[in-house]
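Before any comments, here is the structure.
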Amino acid sequence: MSRKRIVLIDGSSMIKEAFYSLPADGANGVRNLLMTILEKKEADYLAIAFSSGVNSRPVVEQELKAQEERLKEMAVSLKATVLVKEGYESSDILASLAKKHSEEDSDITLITKDRRLLQTAAEHVTIQVPAMGEEGLFLKTYGTEDIQNEYGMKPKLLKEVFALLTAEGLGERTACKLIKQFESVSNLYEHLEEVESLRIKDILKTFEDKIRKEETSLILKEDCELCLDFTKSISEAEIQEIMDMDFVPAEFPDDENESSVSASFHVVTDLSEAEDIFSKCISADRLGLQLVIEDKAISALSLCFGETDSYCILPEGLLSRDYLAGKAEEICKKSGHVTVLDLKSQLPYLKLDAGSSVIDAGVAGYVLNPLKDSYTYKDLAEDYLNMTVPSKVDLIGKATTSRAMIDNRENGVSYVCYLSYVAYLCGERLIEALKREEMETLFHEIEMPLIYSLFSMETAGIQVERERLKEYGDRLKIRIKELEEKIYGETGETFNINSPKQLGEVLFDHMKIPGGKKTKTGYSTAADVLEKLSSDYPVVSLILDYRQLTKLNSTYADGLATYIGPDERIHGTFNQTITATGRISSTEPNLQNIPVRMELGREIRKVFVPKEGCIFVDADYSQIELRVLAHMSGDSRLINAYKQAEDIHAITASEVFHIPLNEVTTLQRRNAKAVNFGIVYGISSFGLSEGLSITRKEASEYIEKYFETYPGVKSFLDGLVTKAKESGYAVSMFGRRRPVPELKSSNFMQRSFGERVAMNSPIQGTAADIIKIAMIRVDQALKKQGLKSRIVLQVHDELLIEAYQDELEDVKELLTNEMIHAADLDVSLEVEANVGESWFDAK
DNA sequence: CCCGTCACG
DNA sequence: ACGTACGTGACGGGA
């Protein structure tokens with residue numbers, strides 16, 4: 001008889017791993033693992049262990065705990081045994097069972113995130129640990145040989161290595177070397193004098209207490225007397241049964257009290273019936289409304305003013321599209337509390353302005369949690385109503401609503417009704433949540449009015465000279481061809497230069513150019529790698545040029561051309577609910593990354609021109625993020641630095657290196673600039689050393705000196721991290737929040753990332769708040785003063801206005817004035833403004 | 001559909 | 001030892 005295959009999963013540690021790598025879905029992550037094992041028939045017996053509440057490590061979040069409970073239920077439904085024992089951690093249970101059953105006729109596999117279990121590897125015991133590989137997360141298997149290969153020792157000794165690793169400054173290789181030499185931590189300390197390296201000896205002395213303490217906590221209890229009941233082995237039939245079950249997350253609601261949809265949905269095509277609904281809407285105290293717009297036309301109006309009914313009004317017969325739009329607008333203007341979803345897309349038909357009291361549920365959802373990737377009615381229903389509803393795709397697939405009304409009217413009506421139904425139910429909840437989180441002002445005073453300003457900017461669009469863009473592209477194409485020939489000549493073969501894979505092979509394999517740095521998939525051919533080689537290998541220079549030209553051609557010359565409309569203008573989309581920090585983003589096309597740094601690319605800006613009779617006025621904040629930092633930190637020296645002179649990077653250099661301002665060298669200024677950037681990004685010596693190509697040691701010296709010079713900045717940044725760790729989110733000056741779940745990660749890299757984010761988000765977020773305020777005020781002032789000039793672009797710290805010639809002076813004054821006074825900081829906001837006949841000239 | 005690359009602030 | 005600077009979007013290549 002063959003050996004029994006027992007698979008034991010460390011539920012407590014695995015759910016935590018899955019929880020952090022697949023946010024909020026730890027339970028499903030581990031369930032999928034169970035399913036895979038069953039599917040592949042890798043186990044005759046499957047059990048999952050959990051730490052008992054009492055003795056487990058501090059429970060980090062409620063959410064994680066809740067997911068653990070969910071997972072237990074799932075495991076039972078999958079016929080896996082759930083193992084819990086008072087006073088034992090999940091890892092103790094696994095260790096005990098492995099020891100007990102490997103002596104019988106069983107092969108044991110332990111799946112765990114807890115590396116301590118590696119010490120239990122033995123002849124019939126292997127351990128699988130989640131690891132990052134080329135294909136993402138996978139399970140790495142460790143048997144005794146694997147451990148011998150990787151660590152060069154017997155599994156039992158690993159405990160000693162892990163204990164040493166708790167000392168800061170001691171790496172895995174060093175720890176292994178020490179244990180191979182001394183065999184145990186206690187023996188090592190007895191023979192400490194035999195350690196050659198002074199540095200290591202020093203570390204070992206400093207951390208002796210910590211290491212010895214850790215050594216004891218690494219001992220796994222192997223005396224847990226749980227028994228596996230093999231009569232409950234999973235049969236073939238049962239596996240089949242489980243596989244046949246249709247598992248969807250919805251079968252495991254995370255809340256027993258989930259709300260359900262109880263409303264009835266109605267379709268209305270009759271005028272008098274519609275009028276009856278409209279009048280009820282106008283007298284309702286709250287309502288959800290949605291004009292469904294597809295292909296620039298209204299395909300339905302969705303209305304909901306009570307929990308019991310939702311209406312889908314279709315443009316048929318006497319109910320013309322214009323009539324529906326007019327009615328929807330009237331309702332929005334007359335009713336007090338209207339909630340819609342994606343207001344900006346409806347503004348072409350709902351002629352509202354920032355004075356309206358309508359709120360956008362999607363934007364509210366974004367303010368409450370900017371990390372989500374969508375804010376559809378389904379998302380909002382899940383997050384704020386605890387309700388699972390079918391998504392748009394579930395109901396009508398990829399069809400349009402009007403198509404669905406013909407092919408599958410019932411689902412089409414459902415979809416339309418859900419829009420206003422969810423908006424109706426969410427409205428109040430969202431406002432309550434915003435109040436609770438102290439973001440109501442941010443929402444009402446900044447985010448809601450911004451919708452109208454963004455709409456205005458999109459509607460205005462920006463004129464682009466089609467012919468000139470084409471000529472530019474043609475010039476590029478000629479030079480690209482020439483470069484291509486030269487490169488093929490130099491390399492002696494034809495290949496696709498735009499393929500990093502092929503390029504890497506040609507350069508580093510065929511031509512044997514040294515210094516091929518690796519990425520996950522092969523050689524890195526990124527610009528910073530190639531630049532280091534370009535002086536020795538002319539062909540590399542050609543390739544860099546080629547890259548630059550093809551980028552300009554595909555993304556900008558050809559790319560932009562496809563977006564020029566019949567009005568000779570590009571009307572891009574400015575998204576308000578994308579970024580984690582509060583910035584806006586730009587798509588189709590991205591008008592926020594038009595080249596400027598390199599001369600050749602900058603030329604493209606010549607094709608962005610004002611229309612006849614107009615001229616561009618461009619204004620951008622100088623150093624807004626550093627000014628925000630100076631203000632928020634309250635560091636008096638940094639604030640004074642801004643008060644006394646213009647060139648902040650030079651002053652920083654002068655103060656940090658203690659040299660007179662007029663003696664600061666170009667290099668010193670450059671270094672100081674990089675440090676300033678680093679501070680804003682959430683400083684790390686590693687990052688700074690990369691940015692400046694200096695050693696990490698030098699980089700940390702710069703940072704140290706910087707913090708000595710500006711101690712207020714240091715305490716401010718430390719405070720940001722501490723507060724974010726306590727509260728779970730970073731906050732801007734105007735109360736904008738960004739959750740930073742990474743701060744709780746047990747993974748060093750992720751946690752460090754969280755710390756940088758906690759330092760950067762309040763700064764970037766505050767700058768974003770400020771320009772949003774400026775933008776709203778400029779837009780509203782233009783309109784209020786009856787000026788025809790309009791904002792056409794926003795590029796994070798820059799506003800571009802297409803100004804009518806006769807309004808030029810007013811516009812210049814208004815624009816700079818509103819930008820400068822958008823926020824009252826301890827350092828003044830400075831704005832650089834320029835006028836020009838193209839975006840190129842106005843910069 | 002993901003990755004590497006590169007354009008911007 | 002870990003192997004990153006913060007925030008975005010578009011493109012081409014290659015599974």
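Here is how names work: the chains are called A, B, and so on, in the same order as the sequence lines, proteins then strands, and each is numbered from 1. Predicted model only: the values in this text are computed from it and were never measured.
Closest to the side chain of Asn593(A), from the set dA7(B), dT4(C), dG13(C), is dA7(B). The side chain of Ala580(A) approaches dG7(C) more closely than any other nucleotide in the set dA10(C), dG7(C), dG3(C). Nearest to the side chain of Met749(A), among dC6(B), dT4(C), dC8(B), sits dT4(C). Nearest nucleotide to the Leu688(A) side chain, out of dA5(C), dG14(C), dG12(C): dA5(C). For Phe753(A), taking side-chain heavy atoms from C-beta onward, the closest of the listed nucleotides dG9(B), dG9(C), dC6(C) is dC6(C). Which of dG14(C), dG7(C), dT4(C) sits closest to the side chain of Lys501(A) comes down to dG14(C). Between dG14(C), dT4(C), dT8(C), one nucleotide has an atom nearer to the side chain of Ile578(A) than all others, and that is dT8(C). Here the side chain of Arg756(A) is nearest to one of dC8(B), dA5(C), dA7(B), namely dA5(C). When each of dC6(C), dG7(C), dA10(C) is scored by its nearest atom to the side-chain atoms of Asn590(A), the top-ranked nucleotide is dA10(C). Residue Arg597(A) has its side chain nearest to dG9(B) when only dT4(C), dA7(B), dG9(B) are considered.
When heavy atoms are screened at a 4.0 angstrom cut-off, Gln764(A) is found touching base atoms of the nucleic acid. Contact annotation for Ala527(A): backbone-only contact, meaning every heavy-atom pair under 4.0 Å involves sugar-phosphate atoms and none involves a base. Within 4.0 Å of Glu625(A), counting heavy atoms only, lies no atom of the nucleic acid at all. Ala674(A) comes within contact range of at least one nucleobase, with a heavy-atom separation under 4.0 Å. Residue contacts for Thr525(A): at a heavy-atom cut-off of 4.0 Å it reaches the sugar-phosphate backbone alone, with no base atom in range. Within 4.0 Å (heavy atoms only), Asn496(A) reaches sugar-phosphate atoms of the nucleic acid but no base atom. Within the nucleic acid shown, Arg602(A) has no heavy atom closer than 4.0 Å to any nucleic acid atom. Across all strands shown, Thr550(A) has no heavy atoms under 4.0 Å from either base or sugar-phosphate atoms. Counting non-hydrogen atoms under 4.0 angstrom, Gly678(A) reaches a base of the nucleic acid. Within the nucleic acid shown, Val680(A) has no heavy atom closer than 4.0 Å to any nucleic acid atom.
When each of Ile624(A), Ile770(A), Val831(A) is checked for a side-chain contact (heavy atoms from CB on, under 4.5 Å) with Asp797(A), only Ile624(A) meets the rule.
A donor atom on one side chain and an acceptor atom on the other are found under 3.5 Å apart for His510(A) and Glu493(A).
Both Ser761(A) and Glu588(A) sit near DNA chain C, but only Ser761(A) has its closest nucleotide nearer the 5' end.
Between the P atom of dA10(C) and the CZ atom of Arg547(A) lies a distance of 20 Å, rounded to the nearest Å. Distance Glu742(A) CD to dA5(C) P: 15 Å, rounded to the nearest Å. Met598(A) places its CE atom 14 Å from the P atom of dG9(B), with the value rounded to the nearest Å. Rounded to whole Å, atom P of dG3(C) lies 12 Å from atom CD of Gln750(A). Between the CG atom of Leu629(A) and the C1' atom of dC6(C) there is a distance of 13 Å, rounded to whole Å. Atom CD of Gln548(A) is separated from atom P of dG4(B) by 23 Å (rounded to the nearest Å).
In this structure, the separation between CE on Met819(A) and OH on Tyr621(A) is 4.5 Å, given to the nearest 0.5 Å.
Between dG14(C) and Gln502(A), a contact under 4.0 Å exists linking OP1 or OP2 to a side-chain N or O. Contact annotation: Ser524(A) does not reach the phosphate of dG4(B) (side-chain N/O to OP1 or OP2, under 4.0 Å). Between Arg583(A) and dC8(B) there is no side-chain N or O to OP1 or OP2 distance below 4.0 Å. Under 4.0 angstrom from either OP1 or OP2 of dT4(C) there lies no side-chain N or O belonging to Ser684(A).
Only the P atoms considered, dC3(B) is 14 Å distant from dT4(C), to the nearest whole Å. Between dC2(B) and dA5(C), the two C1' atoms lie 24 Å apart (nearest whole Å).
Between Phe677(A) and His649(A), the angle of the ring planes stays under 30°, which puts this pair in the parallel group of the 30/60° scheme.
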* To do: Verify salt bridge (charged side-chain N to carboxylate O under 4.0 Å, His left out) between Lys606(A) and Asp841(A), making sure each step is shown before the conclusion.
  => CA-CA 7 Å; Lys606(A) 290 182 178 166; Asp841(A) 298 316; over 6 Å; no

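Of all non-hydrogen atoms in Tyr472(A) and Ala557(A), the two that sit nearest each other are CD2-CB, 4.3 Å.
Judged by distance alone, with hydrogens and angles left aside, Arg738(A) brings no side-chain donor or acceptor close enough to the base of dG7(C) to form a pair under 3.5 Å.
Pairs passing the salt bridge (Lys or Arg N to Asp or Glu O under 4.0 Å) check and including a residue from residues 676-701 of chain A, sequence neighbours excluded, read Lys697(A)-Glu701(A).
Nucleotide dC8(B): paired with dG7(C) (Watson-Crick or G-U wobble, both distances less than 3.5 Å).
Looking at Asp618(A), its side chain never comes within 3.5 Å of a backbone N or O of Lys843(A) through a donor-acceptor pair.
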